[in-house]
Amino acid sequence: MRALDPERLAGGAVAVAPRLLNLVLVSGPTAGRVVEVEAYSAADDAASHAFRGRTRRNAAMYGPPGTLYVYLSHGVHACANVVCGPEGTAAAVLVRALEPVAGLEQMRKRRPTARSDDELCAGPGRLCAALAIGLELDGADLVEGDRGIQLLDDGTTPPATPLVGRRVGLGTRAGADAELPWRFGVPGSTSLSRPFGEQQMTRA
DNA sequence: CTTTGGATCGTCT
DNA sequence: GACGATCCAAAGG
């Protein structure tokens, strides 16, 4: 296990997102391997929280690459993003699913509704619950790991050919391009939030 | 299996 | 005052 090379966070959300696959997110005694992510560009992406400029909520997105951006979804679930470069552009990558690696006992206690270990971190809200990632961690430095949460490289390289698909759950915002293939996954993973490919349209 | 609606609250209009 | 980058349980086929 070694610290994340900052170079891996340079280059914009769409370029960075697939490169984050297979890194390990560690939060206290719990840890999971990143198996699914989504890119959120800023100025050119109506689906991004930073599309309309800086606000109190999205301030962390304007921090340096490697900053953790946590927001509350539907007043119920926290979702975690990794801010990437170039610094100040407010580009970020949403972590959508992890494969549980350590602290499974703790995760099961935090997520009693999970039917199997594969479901513990299979979803942006789910993984935050399993790793106890809350709003209080917004703005943490994932490279230094100063606040008990860190992104590490255990030597596993990103998949040469990641799964690619459309982003999930985009709102009905005018201008948001739901067709963009900005969702990436690790082929064969059994911890994805949902399948890739020409699948369901949970939104009409 | 698919579809539907409720929960719940910080943020922005 | 409206609305989610979601999750889950319940109801319907």
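The figures here come from the full heavy-atom set of this structure, side chains too, leaving out hydrogens, waters and symmetry mates. Residue numbers begin at 1 in each chain, while the letters A, B, ... track the order of the sequences.
- The interatomic distance linking A:Arg194 (CZ) with C:dA5 (P) rounds to 14 Å, in whole Å.
- Nucleotide C:dC7 holds its C1' atom 18 Å from the CZ atom of A:Arg110, rounded to whole Å.
- Counting to the nearest Å, the P atom of B:dT11 and the CZ atom of A:Phe51 are 21 Å from each other.
- A donor-acceptor contact shorter than 3.5 Å links the side chain of A:Asp138 to the backbone of A:Val70.
- Judged by distance alone, with hydrogens and angles left aside, the side-chain atoms of A:Arg8 form a donor-acceptor pair with the main-chain N or O of A:Arg19 at under 3.5 Å.
- At least one donor-acceptor pair closer than 3.5 Å links the side chain of A:Gln150 to the backbone N or O of A:Val143.
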### Message
Run A:Val93 and A:Tyr40 through side-chain contact (heavy atoms from CB on, under 4.5 Å) and show every step you take.
### Response
CA-CA 6 Å; A:Val93 175; A:Tyr40 284 86; over 6 Å; no
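- Nearest to the side chain of A:Thr113, among C:dC8, B:dT11, C:dA5, sits C:dC8.
- Between the CG atom of A:Leu192 and the P atom of C:dT6 there is a distance of 16 Å, given to the nearest Å.
- Protein atom CG of A:Leu127 is 8 Å distant from nucleotide atom P of C:dC7, rounded to whole Å.
- A heavy-atom distance below 4.0 Å to DNA chain C is reached by these residues of residues 64-77 of chain A, ordered by number: A:Tyr71, A:Ser73, A:His74, A:Gly75, A:His77.
- Ranked by how close their nearest DNA chain C nucleotide is to the 5' end, A:Val93 and A:Arg126 are led by A:Val93.
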### Query
Where does DNA chain C pair, written as one dot-bracket string 5' to 3', with Watson-Crick or G-U pairs under 3.5 Å, ( ) inside the strand, [ ] for crossing pairs and | for another strand?
||||.|||||||.
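- For C:dT6, the OP1/OP2 oxygens have a side-chain nitrogen or oxygen of A:Arg96 closer than 4.0 Å.
- Looking at heavy-atom distances under 4.0 Å, A:Arg111 makes contact with sugar-phosphate atoms alone, never a base.
- Side-chain atoms of A:Asp118 and A:Ser116 form no donor-acceptor pair, as typed in the model, at a separation below 3.5 Å.
- Sequence neighbours left out, the pairs with a member in residues 88-99 of chain A that pass salt bridge (charged side-chain N to carboxylate O under 4.0 Å, His left out) are A:Glu36-A:Arg96, A:Glu38-A:Arg96.
- Exactly one of A:Leu20, A:Leu142, A:Leu152 qualifies for a side-chain contact (heavy atoms from CB on, under 4.5 Å) with A:Leu25. That residue is A:Leu142.
- Atom-to-atom, CZ of A:Arg167 to P of C:dT6 comes out at 12 Å; the value is rounded to the nearest Å.
- Remark: P of B:dG10 and CG of A:Asn58 are 17 Å apart, rounded to the nearest angstrom.
- Judged purely by atom type and a 3.5 angstrom limit, A:Asn58 uses its side chain to pair as donor or acceptor with the backbone of A:His49.
- Rounded to whole Å, the distance from CZ on A:Arg56 to C1' on B:dG10 is 9 Å.
- With A:Thr67 contributing its side chain and A:Asp141 its backbone, the two residues share no donor-acceptor pair below 3.5 Å.
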